[in-house]
Structures are given as structure tokens and as C-alpha cells.
Amino acid sequence: MINRRLLLLSGVAVAAVAGIRWLDGSDVEAAGAFEIDKSDSEWRRILTKPQYEVLRLHHTEIPGSSPLNREKRKGVFSCAACDLPLFSSETKFESGTGWPSFYRPLPNAVGTRTDRVLLIPRTEVHCRRCGGHLGHVFSDGPPPTGQRYCMNGIAMTFMPDVPA
Ligand SMILES: [Zn+2]
């Protein structure tokens with residue numbers, strides 16, 4: 001016999017998650033679909049408060065506040081939450097925004113979804129592995145892609161290439 005109450009409750013839970021996340025139906029990842037899926041209290045323990053606020057609560061850091069904005073060395077920018085390599089210094093450019101900007105992520109590094117927090121929908125960018133919020137991508141970037149991945153420096157760590 002089907003438990004009607006349970007069915008009803010699970011339906012409500014799914015609707016609540018979808019609503020809270022402000023997601024588009026087309027590019028929703030199901031809750032818990034990320035390879036690394038920790039509880040909110042675990043993330044709070046692992047991350048610093050400013051990291052947690054950006055990666056988990058989708059806050060935006062103050063422009064110019066991250067040292068990674070001025071990072072000019074060759075190396076790799078990785079997710080501050082799960083260490084997945086996200087961007088190569090080869091694709092970094094000076095956008096003048098005060099946020100580290102790249103024209104292309106590394107292969108299979110990030111996911112995107114539509115963010116309707118502001119009046120004009122934006123494309124939110126998150127870590128493919130842990131779902132951590134990284135920033136947004138805009139179509140006013142330089143060649144060869146024309147894309148501008150506008151990232152929060154605090155959501156990433158930088159590892160310089162070891163000199164040969
Ligand atoms: Zn991650």
C-alpha cells in the first residue's frame with residue numbers, strides 16, 4: 001500500500017528546494033547530484049566565514065578585495081571548497097572589474113544555471129564537483145571565446161606552476 005502522506009511530503013520537499021534555489025527547470029541539477037555533497041554544518045566547519053558566504057550562500061566579494069585579482073603568475077586556480085582545478089592562468093585576463101576574470105574554464109570543471117536573483121537573469125557558475133558558487137559568466141569577454149567568467153577570488157585557491 002502506498003503511503004500517501006510520505007508521497008505528499010516528498011513532493012513538498014522537492015518543490016521547496018527548487019523554489020529556494022531559484023533555478024530554471026531546464027538546467028536544474030537534482031538535489032544531491034554533486035559528486036561532493038556535504039551538509040551545511042560540514043561546509044561551515046571546512047570553510048572560512050567569507051568563503052562559506054560566497055561558495056554556499058552565493059554572496060559576492062567586494063571588488064578588488066581578493067589577491068587573486070592581481071595574480072599574474074602561471075598556474076592553476078582551484079575550487080576553495082573541494083580543490084578541483086577550475087581555470088588555467090593561460091585564460092586569465094584583466095577585465096577591470098576587480099574580480100578575477102577568465103575567458104574559458106578547464107574542461108569539465110564548472111556547471112552553470114540561470115540565476116534570477118536580480119531583475120535581469122544571469123548565468124551563475126559553480127564548481128562541477130561540489131556545487132560551490134563561483135561567480136557568473138557574461139558574453140562580453142575577449143577572444144577567442146567572447147566569454148567573461150567573472151569569479152570570486154575567495155572561492156578559489158591558486159597554485160603556481162613549479163619552475164622547471
Ligand atoms: Zn568544488
Side-chain angles (χ1 to χ4, degrees), residues 13-14 16-93 95 97-118 121-139 141 145 147-162:
V14 167
V17 167
I20 287 164
R21 289 188 167 189
W22 294 71
L23 299 181
D24 240 13
S26 57
D27 52 1
V28 166
E29 281 105 354
F34 293 108
E35 205 175 302
I36 294 181
D37 188 23
K38 296 182 191 297
S39 69
D40 186 60
S41 57
E42 280 180 285
W43 284 126
R44 279 182 191 274
R45 189 164 47 78
I46 294 166
L47 303 169
T48 66
K49 191 166 182 285
Q51 282 175 333
Y52 173 83
E53 287 175 348
V54 169
L55 283 156
R56 306 313 305 178
L57 303 183
H58 293 212
H59 288 191
T60 298
E61 71 188 10
I62 296 164
S65 64
S66 170
L68 295 194
N69 191 43
R70 295 178 298 277
E71 182 58 65
K72 299 278 194 272
R73 289 173 290 174
K74 285 189 189 308
V76 171
F77 297 80
S78 300
C79 175
C82 78
D83 287 335
L84 182 72
L86 302 173
F87 295 95
S88 162
S89 58
E90 303 290 324
T91 62
K92 193 172 190 284
F93 68 97
S95 63
T97 58
W99 289 291
S101 302
F102 305 83
Y103 63 74
R104 181 195 289 134
L106 289 169
N108 198 25
V110 305
T112 59
R113 61 188 160 214
T114 305
D115 169 347
R116 299 184 183 282
V117 173
L118 298 185
R122 294 173 299 169
T123 303
E124 188 262 358
V125 178
H126 54 266
C127 171
R128 184 265 303 164
R129 188 157 67 177
C130 73
H133 170 73
L134 303 169
H136 292 86
V137 59
F138 302 92
S139 53
T145 63
Q147 305 250 282
R148 172 170 60 92
Y149 284 81
C150 185
M151 301 291 101
N152 289 281
I154 199 155
M156 303 185 294
T157 56
F158 177 72
M159 182 66 75
D161 288 347
V162 179

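For ligands, and for the atoms within them, numbers begin at 1 and follow the listed sequence. Note that this is a predicted model, so its numbers are computed, not measured.
- Protein atoms of type N/O/S that fall under 2.8 Å from the Zn ion (ligand 1) number 4 in this view.
- Using a 4.0 Å cut-off between charged side-chain N and carboxylate O, E90 and R104 make no salt bridge.
- Ring-plane geometry between H136 and H133 is classed as perpendicular, the angle between the planes exceeding 60 degrees on a 0 to 90 degree scale with a lower cut at 30.
- Under a 3.5 Å cut-off, the side chain of R56 and the backbone N or O of W43 do not form any donor-acceptor pair.
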R122 and E124: CA distance, side-chain angles, deciding distance, salt bridge (charged side-chain N to carboxylate O under 4.0 Å, His left out) verdict = CA-CA 6 Å; R122 294 173 299 169; E124 188 262 358; over 6 Å; no

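- Judged purely by atom type and a 3.5 angstrom limit, W99 uses its side chain to pair as donor or acceptor with the backbone of E61.
- A donor-acceptor pair under 3.5 Å is absent between the side-chain atoms of D115 and the main chain of T123, judged by distance alone.
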